[in-house]
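So the structure is just underneath, and the comments pick up after that.
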Amino acid sequence: MSANQPPAGGAQEAELRVLRDQIDSVDRQIHQLLNDRARLAQQVAEVKERFRQGDETPVFYRPEREAQVLRAVMARNEGPLSDATVGRLFREIMSVCLALEEPLKIVFLGPEGTFIQQAAQKHFGQAAKCQALDSLEQVFTSVENGEAHYAVVPIESEDAGLIRHTLDLFRRFDLYICGEVELSPDAATGQLNRCPRYLVVGRDAIGPSGEDKTSLLLVCRDEPGALHDLLAPFHRRKISLTRLETRSSGEHDWKMLFYIDFEGHVSDSGVAELLTELNDLQVEVKHLGSYPKAVL
């Protein structure tokens with residue numbers, strides 16, 4: 001080492017100081033942009049309040065809009081952060097900004113610390129107010145009567161009895177599925193037989209996001225060929241089923257209940273025609289909701 005060269009440790013520290021100064025500068029820009037976004041969210045709330053009519057409640061949370069934003073964020077990501085990581089970061093940014101418009105109250109089946117709570121926080125972010133309730137019926141009732149904005153309920157898990165109860169409540173309550181949440185094995189437990197799946201339930205139907213699913217409850221007579229007749233309209237329109245759950249109605253009336261998920265939105269012409277044809281059959285049809293596919 002010549003007399004004019006600084007010690008190796010000094011050279012390293014000089015380079016690190018430059019990089020740290022650049023990081024500090026970027027952090028200040030991020031901070032400013034976050035506050036700019038938060039102020040825009042507040043302005044959105046002010047516009048909605050100003051233009052609301054009568055006693056109607058402004059809609060602050062738009063699941064289809066959120067799904068579109070997250071998909072765009074992940075599509076334009078160039079790394080080195082992964083798409084999922086960037087999506088989770090923006091989920092939290094949207095969560096805290098939405099809380100400035102209106103804090104969301106989310107209910108789920110307790111106790112706290114379960115996978116259902118994890119699903120609620122994954123979907124709505126840490127700024128949402130999540131509350132555990134003692135029963136699934138209380139969860140549905142809380143949303144129906146307006147005490148909570150949304151609920152997160154199980155639809156795929158290892159507890160078959162819990163799933164049956166969820167389906168029964170979908171039949172009884174006039175609520176809509178607004179979204180879905182999937183927990184990966186590493187988010188829950190590394191030993192899972194498939195990923196737990198949960199549904200977001202609210203009072204309002206959701207517009208199309210561009211990548212959607214639709215869920216139906218169908219009730220018909222338990223007789224030979226019943227399932228074939230129900231599925232024929234789907235087959236003719238080349239509509240892909242993503243889930244089919246079958247069980248007795250539980251009412252001693254010799255009827256079967258079918259829970260069906262498929263790709264598409266009720267506003268799509270093919271799906272609208274499908275529902276019309278199903279309604280023409282001797283089948284009880286309940287549209288549970290059309291909603292964005294899980295993004296994260």
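What you see below is based on every heavy atom in this structure, not just the backbone, and it leaves out hydrogens, waters and symmetry mates. Heads up: numbering here begins at 1 and tracks the sequence. Only a predicted model underlies this, so the values are computations on that prediction, with no experimental measurement involved.
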Determine whether a donor-acceptor pair (N or O, by modelled atom type, separation under 3.5 Å) exists between the side chain of [X] and the backbone of [Y].
X    : Y    : answer
T114 : G110 : no
R203 : V143 : yes
N77  : L81  : yes
H265 : I206 : yes
S95  : A127 : yes
Q32  : R28  : no
Q126 : E92  : no

Indicate, with yes or no, if [Y] and [X] share a hydrophobic cluster defined by side-chain heavy-atom contacts under 4.5 Å among Ile, Leu, Val, Met, Phe, Trp and Tyr.
X    : Y    : answer
L40  : V96  : no
L33  : V73  : no
I155 : L133 : yes
I23  : L89  : no
F262 : V283 : yes

Any chance you could measure [X], atom [atom1], to [Y], atom [atom2], to the nearest 0.5 Å?
X    : Y    : atom1 : atom2 : value
Q43  : K48  : CD    : NZ    : 13.5 Å
D36  : H31  : CG    : NE2   : 10.5 Å
T246 : L167 : OG1   : CG    : 10.0 Å
R76  : D83  : CZ    : CG    : 11.5 Å
E101 : C97  : CD    : SG    : 8.0 Å
H165 : L169 : NE2   : CG    : 4.0 Å

Beyond-backbone contact of [X] with [Y], side-chain heavy atoms, under 4.5 angstrom:
X    : Y    : answer
P154 : T166 : yes
L241 : L231 : yes
E102 : H149 : yes
D212 : E263 : no
Y291 : V201 : no
L19  : Q22  : yes
D174 : K286 : yes
E182 : E156 : no

Which pair of non-hydrogen atoms, one from [X] and one from [Y], has the smallest distance, and what is that distance?
X    : Y    : answer
H123 : E66  : O-OE1, 3.8 Å
A84  : L296 : O-CD2, 4.0 Å
L175 : E144 : CD2-CA, 3.9 Å
V152 : A119 : CG1-CB, 4.1 Å
L281 : D229 : CD1-O, 4.1 Å
I106 : A120 : CG2-CB, 4.3 Å

- request: Tell me, with the steps shown, if M94 and R37 meet side chain to side chain contact (heavy atoms under 4.5 Å, CB included).
  value: CA-CA 9 Å; M94 295 161 70; R37 194 191 194 285; 3.6 Å; yes
- request: Please lay out, stage by stage, how I177 and L199 fare under the test side chain to side chain contact (heavy atoms under 4.5 Å, CB included).
  value: CA-CA 6 Å; I177 301 172; L199 297 176; 3.6 Å; yes
- prompt: Among Y259, Y176, F140, which residue meets the ring-ring contact (aromatic ring centres under 6.0 Å, His included) test with F170?
  reply: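 Exactly one pass, corresponding to F140.
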Given K122, K293, R197, the one that forms salt bridge (Lys or Arg N to Asp or Glu O under 4.0 Å) with E180: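 Running salt bridge (Lys or Arg N to Asp or Glu O under 4.0 Å) over K122, K293, R197 with E180 returns exactly one hit, R197.
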message: Just to verify, which of R71, E64, R65 counts as forming a side chain to side chain donor-acceptor pair (under 3.5 Å) with S209?
response: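 The passing option is R71.
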- request: Test salt bridge (Lys or Arg N to Asp or Glu O under 4.0 Å) on R17 and D24 and set out the steps.
  value: CA-CA 10 Å; R17 187 180 303 113; D24 289 344; over 6 Å; no
message: Please determine whether salt bridge (Lys or Arg N to Asp or Glu O under 4.0 Å) holds for the pair E13 and R20, giving the CA-CA distance in whole Å, both sets of side-chain angles, and the decisive distance to 0.1 Å.
response: CA-CA 10 Å; E13 185 58 34; R20 288 167 183 154; 3.1 Å; yes
- request: Using the salt bridge (Lys or Arg N to Asp or Glu O under 4.0 Å) rule, take E284 and R171 through it: C-alpha gap first, then chi angles, then the decisive distance, then the call.
  value: CA-CA 10 Å; E284 175 189 328; R171 191 179 179 192; 3.2 Å; yes
message: Which residue in the set L274, T214, D268 passes side chain to side chain contact (heavy atoms under 4.5 Å, CB included) when paired with I239?
response: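 With I239 as partner, side chain to side chain contact (heavy atoms under 4.5 Å, CB included) holds for just one option, L274.
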- request: Apply side chain to side chain contact (heavy atoms under 4.5 Å, CB included) to the pair V181 and F115, showing each step before the final yes or no.
  value: CA-CA 11 Å; V181 193; F115 295 150; over 6 Å; no
- prompt: Do Y61 and Y150 have ring centres separated by under 6.0 Å?
  reply: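 Ring-ring flag for Y61/Y150: true, centres closer than 6.0 Å.
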- prompt: Does the side chain to side chain contact (heavy atoms under 4.5 Å, CB included) test come out yes or no for L109 and V153, once each step is laid out?
  reply: CA-CA 7 Å; L109 176 65; V153 300; over 6 Å; no
